[in-house]
Each structure stands twice: as C-alpha cells, then as structure tokens.
Amino acid sequence: GNSVTQMEGPVTLSEEAFLTINCTYTATGYPSLFWYVQYPGEGLQLLLKATKADDKGSNKGFEATYRKETTSFHLEKGSVQVSDSAVYFCALSRGGGATNKLIFGTGTLLAVQP
Amino acid sequence: GAVVSQHPSWVICKSGTSVKIECRSLDFQATTMFWYRQFPKQSLMLMATSNEGSKATYEQGVEKDKFLINHASLTLSTLTVTSAHPEDSSFYICSARDRARKETQYFGPGTRLLVL
C-alpha cells in the first residue's frame with residue numbers, strides 16, 4: 001500500500017547548519033508529495049509541495065525534489081535558524097479528483113540551537 | 001492565507017459522556033474536510049473524510065458510530081466522540097480542502113481531548 005517513511009528525530013543542529021530530513025515513499029501511480037511544518041502550539045502548515053517527478057518545491061529557504069527513481073522527497077535547507085525549530089511531516093496524497101487523502105510520515109522534530 | 005479554526009482547543013470530560021468538536025473554514029468554502037487523530041510522537045492518522053451534504057467516509061478500523069461526523073455547510077464540520085473513554089484521549093485535528101484550490105489542505109490547530 002501507500003506509505004511514507006521519514007527519518008526519526010530529534011534532529012539537533014546549530015544555527016546556520018545545513019539541514020537534511022530524509023523522506024521516502026511507497027505508492028501506486030503518481031502521487032503528489034508534500035512537506036508540512038508544525039510549530040509549537042500551532043496547526044500544520046504546508047511548507048512546500050511537488051506534483052510530478054523532477055519537480056522541486058521550495059519555500060522559506062527549504063527545498064525538496066521529487067525523485068521518482070529513488071522514491072524520495074528529502075527536505076533540505078542551507079542555513080537553519082532558531083525559528084525553524086518545529087516538527088516536519090512528509091506526506092503524499094493518494095486518490096485523484098475529490099478525495100485527495102494525505103498519508104503522513106511520523107514527523108521529525110528539528111531543534112535549532114543558537 | 002486560508003484559516004481553519006477548531007473549537008474547543010482542549011476539553012476534559014468524564015468517561016461515558018459525549019464531546020463535540022467543531023471545525024470551521026473561516027475565509028473559504030470547503031466541500032471536503034478531513035478528521036485526523038494524532039498520538040504522542042506519532043503521525044497523523046486519517047479517521048474520516050467529510051463531504052458537505054453527504055455521509056462521511058471512514059477509514060478502516062474507525063468506528064463510525066463512535067465518531068459521528070456531520071458536515072452541514074461549506075464552512076463547518078463537527079466530530080462528536082460518543083460515550084468517550086480514556087482510550088479516546090488524543091489530539092484531534094481537522095483539515096479543510098479549499099474548493100478553489102483542490103490540492104491544498106489547510107489544517108486547524110487541533111483539539112486536545114482528555115477523558116477521565
């Protein structure tokens with residue numbers, strides 16, 4: 001079936017360090033891929049998305065490329081800030097048309113220290 | 001940007017009582033809303049998909065008689081946890097899909113339920 005696997009956290013980095021959070025997926029067909037971020041005490045927010053192979057989603061300095069050959073959608077940022085501390089969820093959507101159900105990974109807690 | 005609210009943000013209730021959680025899309029119309037459950041240090045698990053004006057579609061293993069979902073308008077869906085028990089204690093999150101932007105779901109801040 002469809003599933004998302006992402007690296008376990010917590011990931012602890014110093015400010016300005018390079019970030020990679022790995023995400024791989026299993027899916028039939030051609031899903032859309034997403035990264036959501038959940039800041040403390042807030043709801044999930046869409047960070048970026050990619051809808052087809054080789055697409056690159058980007059937002060707020062974060063990037064992720066849809067790699068069909070490796071079934072991956074790794075999240076990267078060149079220089080993290082303390083304000084990036086949050087839980088990051090990789091997700092895919094299955095079902096076309098009106099359903100658009102999301103399947104989430106387990107989330108990765110990122111803690112950035114000054 | 002699009003905003004989804006949930007009410008209440010947290011609730012404590014006695015075992016055996018029912019609890020209603022509201023999910024509202026504040027500045028857009030949502031023909032589809034989703035209800036998730038999140039356990040500590042785990043991912044969101046989809047419970048059901050709610051379509052305006054029709055019955056909700058429940059995921060496998062979710063009891064539809066225990067988790068009643070109503071989507072009476074394009075901006076409101078409710079989840080009622082009936083005869084709640086301590087094992088129902090969890091974080092419940094809704095999301096709404098903007099009718100005009102079909103790929104995007106907007107999430108509410110969640111409702112923390114504690115059943116004593």
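Note that the structure is predicted; figures quoted are calculated from it, not measured. A, B, ... follow the sequence lines: proteins, then strands. Residue 1 opens every chain. FYI, side chains are in, hydrogens and waters are out, and symmetry mates aren't considered; it's all heavy atoms of this structure.
Within the 4.5 angstrom heavy-atom criterion, no atom of B:Phe39 approaches chain A. Contacts of A:Ile103 with chain B are absent, with no heavy-atom separation under 4.5 Å from either backbone or side chain. Interface residue B:Leu44: backbone and side-chain heavy atoms are both found under 4.5 Å from chain A. Neither the backbone nor the side chain of A:Gln6 comes within less than 4.5 Å of any heavy atom of chain B. Heavy atoms closer than 4.5 Å to chain B are found in the side chain of A:Leu46, but not in its backbone. B:Gln6 does not touch chain A: none of its heavy atoms, backbone or side chain, sits under 4.5 Å away.
Distance alone, capped at 3.5 Å, places no donor-acceptor pair between the B:Ser43 side chain and the A:Gly107 backbone.
The stretch residues 107-116 of chain B places B:Phe107, B:Gly108, B:Pro109 near chain A, each with some heavy atom under 4.5 Å from a heavy atom of that chain.
Within a 6.0 Å sphere centred on CE of A:Met7, heavy atoms belonging to other residues, nucleotides or ligands number more than 12. Atom CD of A:Glu8 sits in a sparse spot, with 12 or fewer heavy atoms from other residues, nucleotides or ligands closer than 6.0 Å. By the 6.0 Å contact criterion, NZ on A:Lys68 is enclosed, its count of non-hydrogen atoms from other residues, nucleotides or ligands being greater than 12.
A distance of 9.0 Å separates OG of B:Ser95 from CG of A:Leu44, quoted to the nearest 0.5 Å.
For the pair A:Phe89 and B:Gln38, the tightest heavy-atom approach, listed with the atom from each and the gap, is CZ-NE2, 3.5 Å.
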